[in-house]
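Written below as structure tokens is the structure these notes are about.
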Amino acid sequence: MTEETQGFSESEKSDVPTDADAASQEAAAAAGAASEEAAPAGDAGATPAATARMDQVTKALDERTRDLQRLQAEYQNYRRRVERDRIAVKEVAVANLLTELLPVLDDVGRARDHGELVGGFKSVAESLETVVAKMGLMQFGKEGEPFDPLVHEALMHSYSPDVEETTCVQILQPGYRIGERTIRPARVAVAEPQPGVSQSTAKAEQPAEDKKDEPASKDEESGGPDEG
């Protein structure tokens, strides 16, 4: 009996659980259960922190978005200001150039009035007038238009019974403008209504020759009033 008991193999001995193995298994099971119970508690504790972090990120994103919108608006304003300044500088440069050409245009106008604008000089003058017109130069000032101190410069003054208001009766030098900008006023001779004589009074006072054509009164046709 003793020999058979001592003859058990090593494998058979390993299959028999010992007290140490049981204790280790129980400890592992308890640790697993504890970890499972602690996991929900950990998740519940992390939720407020994650929410606060998300709020911070959202706030920072809103601030960066507003900064970007502000920068974009400033850039658009800058572009419009640069474009406006560019147009203004161009208009000033064109106005300065055309102002220097006004004496030449005056000479062309005087030559045309005296019938001297002929031949090659006429072609050159017409080409010059076409070019300045394309650049926006416009001539103004006509006889008979009301006097406007904003666009007219009166060099001569007189009185006339034929006008009802201060009127340009002669254009001594035409004016020029570019768009709404006047670069030289029209120099004119003006006439004002005769002092103390209204237009209705002037029309009422007819010459003696005009009265000859008027029909005679009833007394004149009958030879005068009847005598008693």
Side-chain angles (χ1 to χ4, degrees), residues 80-218 220:
R80 285 192 290 267
R81 185 168 59 253
V82 169
E83 182 66 17
R84 184 172 60 251
D85 293 343
R86 186 185 66 82
I87 294 175
V89 169
K90 180 181 178 181
E91 291 178 352
V92 170
V94 172
N96 291 337
L97 173 62
L98 295 178
T99 301
E100 297 297 328
L101 292 176
L102 293 185
V104 180
L105 297 175
D106 293 336
D107 293 338
V108 170
R110 282 189 289 268
R112 181 180 287 111
D113 294 338
H114 291 83
E116 300 176 356
L117 200 62
V118 295
F121 180 49
K122 179 180 179 181
S123 300
V124 172
E126 292 176 350
S127 299
L128 177 62
E129 291 174 342
T130 301
V131 170
V132 297
K134 289 182 178 180
M135 297 178 69
L137 185 67
M138 295 180 294
Q139 179 178 316
F140 67 91
K142 295 181 180 180
E143 295 182 2
E145 63 185 7
F147 175 76
D148 185 356
L150 297 178
V151 296
H152 297 137
E153 180 181 354
L155 300 182
M156 298 177 63
H157 177 268
S158 62
Y159 295 97
S160 173
D162 300 328
V163 298
E164 298 180 359
E165 59 180 346
T166 305
T167 306
C168 301
V169 294
Q170 184 180 0
I171 305 300
L172 305 177
Q173 197 174 49
Y176 290 95
R177 67 165 60 99
I178 301 176
E180 299 298 328
R181 179 181 180 182
T182 301
I183 62 176
R184 190 182 75 180
R187 291 162 181 168
V188 299
V190 299
E192 290 183 338
Q194 193 73 27
V197 178
S198 63
Q199 191 69 13
S200 58
T201 304
K203 291 181 179 180
E205 296 177 354
Q206 297 180 356
E209 292 87 1
D210 296 340
K211 293 184 178 180
K212 292 180 179 180
D213 298 332
E214 296 179 357
S217 62
K218 185 176 180 181
E220 294 177 351

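None of these values were measured; they are calculated from a predicted model. Nothing fancy with the numbering, it's 1 onward along the sequence.
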- Reported CG-to-CZ distance for the pair L105 and R112, which is rounded to 0.5 angstrom: 9.5 Å
- Answer yes or no: is there an ion pair linking D107 with R110, defined by an N-O contact shorter than 4.0 Å? yes
- Task: Pick out which of L101, L102, V94 makes a side-chain contact (heavy atoms from CB on, under 4.5 Å) with L137.
- Result: L102
- Query: Where is the tightest heavy-atom contact between A95 and I178, given as atom of each residue plus distance?
  - Reply: CA-CD1, 3.8 Å
- Over all heavy atoms of both residues, which pair between C168 and P146 is shortest? Give the atoms and the distance, please. SG-O, 4.3 Å
- Any idea which heavy atoms bring Y176 and Q139 closest together, and the distance? OH-OE1, 3.3 Å
- Message: Can you confirm whether more than 12 heavy atoms, excluding those of M135, are under 6.0 Å from its CE atom?
- Response: yes
- Smallest separation among heavy atoms of T167 and E145, with atom names: CG2-O, 3.6 Å
- Would you mind listing every ring pair (Phe, Tyr, Trp, His ring centres under 6.0 Å) that reaches into residues 122-151, with sequence neighbours excluded? F147-H152
- Distance col, row S160:OG vs E192:CD, nearest 0.5 angstrom, shows 11.0 Å
- Qualifying side-chain hydrogen bond (donor to acceptor under 3.5 Å, both in side chains) pairs with a residue from residues 91-106, counting only residues at least two apart or across chains: D106-Q173, D106-R184
- Task: Answer whether the closest heavy-atom distance between the side chains of V163 and P193 falls below 4.5 Å.
- Result: yes
- Query: Do NZ/NE/NH1/NH2 and the carboxylate oxygens of E83 and R80 come within less than 4.0 Å?
  - Reply: no
- How close do V108 and A125 get, heavy atom to heavy atom, and via which atoms? CG1-CB, 3.6 Å
- Mind checking ring-ring contact (aromatic ring centres under 6.0 Å, His included) for Y159 and listing every partner two or more places apart, or none if nothing turns up? H157
- Task: Output the distance between atom CG (L98) and atom CD1 (I183), rounded to the nearest 0.5 Å.
- Result: 5.5 Å
- Could you check V92 against R181 for side-chain contact (heavy atoms from CB on, under 4.5 Å), going step by step and ending with a plain yes or no? CA-CA 10 Å; V92 170; R181 179 181 180 182; 4.0 Å; yes
